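All remarks here apply to the structure that follows.
Indexing begins at 1, ligand by ligand and atom by atom, following the structure's order. The analysis underlying the following values was restricted to heavy atoms, covering all of them including side chains, and did not include hydrogens, waters or symmetry mates. As the structure is a prediction and not an experimental result, all values here were calculated from the model.
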Amino acid sequence: METSGGIALAAALAGYLSESAVATARPTPSDRVTRFVDEMTLEEKVGQMTQMAAYEVPTERAAEVLRKYKPGSLMYLTSKNPNEVARTSNELQKAMVEETRLGVPFVYGIDSVHGNNNLEGATIFPHNHGVGATWNPDAATEMASITSRTMRVTGTHWNFSPVADLQRDPRWGRFYEGFSEDPFLASQLVAAKVRGYEEKTNGYKRTGATVKHFAGYSEPANGNDRTAALLPYRTFASTILPPFSAGFTAGAETAMVNSGSLNGVPAHASKELLTDILRDRLGFDGMVVSDWHDFYRMIKVHGYAENLKEATRLGINAGVDMYMVPAAGIEGDTAEGYQRRLIELVDEGSVTTERIDEAVTNILAFKEHVGLFEDPYAAPSEVDEVVSEGRELAREVATESMTLLTNDGTLPLGSDVGSILVTGPSADSVANQMGGWTLGWQGVGDTKPPAVTVLEGISDAAPASTTVTHVPTGLREFTNEEEVRTAAESADVVVAVLGEGPYAEEKGDTDTLELPTAQRRLVETAANTGTPTVGVLVAGRPRGTTVFDHLSASVMAYLPGTAAGPAVAATLFGDNNPSGRLPFTWPTGTGQLLNLHNNYPPDQFNEAGDNRPPESDQTPLFPFGHGLSYTDFEYADMRISPKKLPQRAATDELTVSVSVRNTGDRAGETVIPVYGGRDHGQVLYPRKVVVGFDRVALEPGETERVDIRASILPLATVLGDVFARGELVVDTGEYWFAVGEVTESLSVV
Ligand code: NOJ
């Protein structure tokens, strides 16, 4: 259905990025690619469409195994030792190139989601929800660039990152893997990471990015990983799709599919999602990889396909180009079984050779663009130097992410603090500060990444005259209450480092945002002594509810990685004037979910009236964008240019100019979010959405006029009745943009 004023989905969403962030169009597949496709046998093509685990290819039998399966891709590292990985990937690649008939290199894929979190000695950057708190796309690009360097020297070429799923439900165990609940903020950061991963070296992308998980994965209705999501098209098009589109617009040419189901169809079986929307409407021309074992999941998890052959037919015909199938030995879902079934399907005519050729072309074109045909090998001699890069950047980004939630004046700590008690389960825990996906799926095991803990950071930064004592406590046990009480009584301040242990995927699903009883008791014990108690939250989501009632000040540290110590310490002592802003809403508990800044109004019964039942109260603990500073900023004299936008030019950029003044007596940096909204219209509008943002650093008393690039597109919607399926439209009428308390109107005509 065409609505008057509708903008094609691809054009509307591409407009989220500034023109300079749009990648140049990819060339059509080269002669080399078409020649390979012509020359390949069906077995070789099906081989390209197979991704196996590297551990399934023992180096001593590499040539034999690679000749048998002809895999287009390998995944997972064989070791955590970077030199060993470089050596092994070279051995395997040499066998692939020199001992298989056509010598097409495999593309080696891994999850390096916050630095190269697979390699011993590599810098671990903050997880993405912490990056979201920096609102700093340039930092995201730099981190991704370093990550890709460590990947390429160790012979890995393809990163299953970044996550473009919006973080809307903190019950979900993958909350920390995404950047924000806001589509515009998440879009800028997804694109920024793609740019860093795909930096060009010698004319080719250093590594390829994957935008995942297409789409609707982060919205399971009951908050549990890989369970059913239900999304109306209006929400899907205007809210869920933008960060994916941003990743593709920035150049990413692989997409990984959502493991769950959407509106009653597993995403892996949905031609509407993987072909009609992804390719035909968003204009994606790259390759689609399944998530792990997801043809199998169509049978046993979703109860959808009858058997693996049917699931393979559905998935490949829906648009999956490559199946991620490291053999877990589950009921025949192995590389061998998959390849046999796919060949049978082609022989029977249930999958066309055109579909196979299209998939193989997408895969080979991707390999060409990451320079595999020029140089598929690791660079062992560079490994040691490159792997340790990024330590200083990790400190800067973690520091920038620190978000001051509450403060009664206890922070920053003065140089006169004689003694500090550092306690809590994450005070001295490398595993907790890293979170999941760190030298292991569920987080740090025996091998430790480079790290400075919060305790070490505070001890290093404390003035020589300050005594720092440490009393450890557990995540879920509090057996040393008396020891903590005594230590708190004789301290000038208590720093309680609280939060969560590491987890990944479904193992992180939770039905409470309350901190465990042990941690609440710890805080009460310390605070009841009368000693000011500062909470530092190290967590993958807004974790903590009533605990704030007992804290004199609190800092959200996210999952800060390698540099947790210096980042937290600088914030507590005031060397960092905190500038992080929450990239998500912090609800009072799961009862408020989904509590989002961009919900449609109202959020509670009879919101405007005087008989609101308190039980329906939706006021969050901390709103989206919250973040205190040790100084104050004032905004004035906001101007939008142009003030009147013809509807046909809705994709054009706008400039919001505002004067910002540091009214306090400390230098500080602040993020300036620009929000937009609309008071009434043909459909409901989100309460507010981010339409632009920037950062500014100001000396005390200094004023600066800041020009911020903004867009009306985050307010595009699908017009029509409840099941409308039209194009995105920026409707004519009056909108408002706001910075702090200052609001200006803008009309679309
Ligand atoms: C499953 C996860 O859902 C996905 O994000 C990841 O990239 C793959 N496993 C590979 O590890």
**OP:** For H213, counting its heavy atoms only, list the atoms of ligand 1 lying under 4.0 Å from any of them.
**Re:** 3 (O), 4 (C), 5 (O)
Subject >> Atom indices of ligand 1, in the order listed, that fall short of 4.0 Å to a heavy atom of F160 >> reply: 7 (O)
Original post:
Quick one: are the ring centres of F175 and F584 less than 6.0 Å apart?
Top reply: yes
**OP:** Enumerate the atoms of ligand 1 whose separation from the nearest heavy atom of K212 is less than 4.0 angstrom.
**Re:** 4 (C), 5 (O), 6 (C), 7 (O)
**OP:** Could you point out which residue of N118, N159, T156, T150 forms a side-chain hydrogen bond (donor to acceptor under 3.5 Å, both in side chains) with S112?
**Re:** N118
**OP:** Please state whether the rings of H293 and Y323 are parallel, tilted or perpendicular, taking 30° and 60° as the class boundaries.
**Re:** perpendicular
Original post:
Is ligand 1 less than 4.0 angstrom away from at least one heavy atom of H293?
Top reply: no
Original post:
Can a donor-acceptor pair be found between the side chains of H369 and E253 at a distance below 3.5 Å?
Top reply: yes
Original post:
Quick one: does ligand 1 sit under 4.0 Å from the side chain of E506, the backbone, both or neither, non-hydrogen atoms only?
Top reply: neither
**OP:** Starting from atom 10 (C) of ligand 1, find the nearest protein heavy-atom neighbour and note its residue, name and distance.
**Re:** D111 OD2, 3.2 Å
**OP:** Indicate, with yes or no, if the rings of F125 and W437 have centres closer together than 6.0 Å.
**Re:** no
Subject >> Proximal atoms of ligand 1 relative to M256 (non-hydrogen, under 4.0 Å) >> reply: 4 (C), 7 (O)
Subject >> Between Y176 and Y503, ring centroids under 6.0 Å >> reply: yes
Original post:
Nearest to atom 1 (C) of ligand 1, what protein heavy atom do you find, and at what distance?
Top reply: D291 OD1, 2.9 Å
Original post:
Atoms of ligand 1 less than 4.0 Å from Y76 heavy atoms?
Top reply: 11 (O)
Original post:
Is ligand 1 under 4.0 Å from a heavy atom in the side chain of R174, in the backbone, in both, or in neither?
Top reply: side chain
Original post:
Between T239 (side chain) and F236 (backbone), is there a donor-acceptor pair under 3.5 Å?
Top reply: no
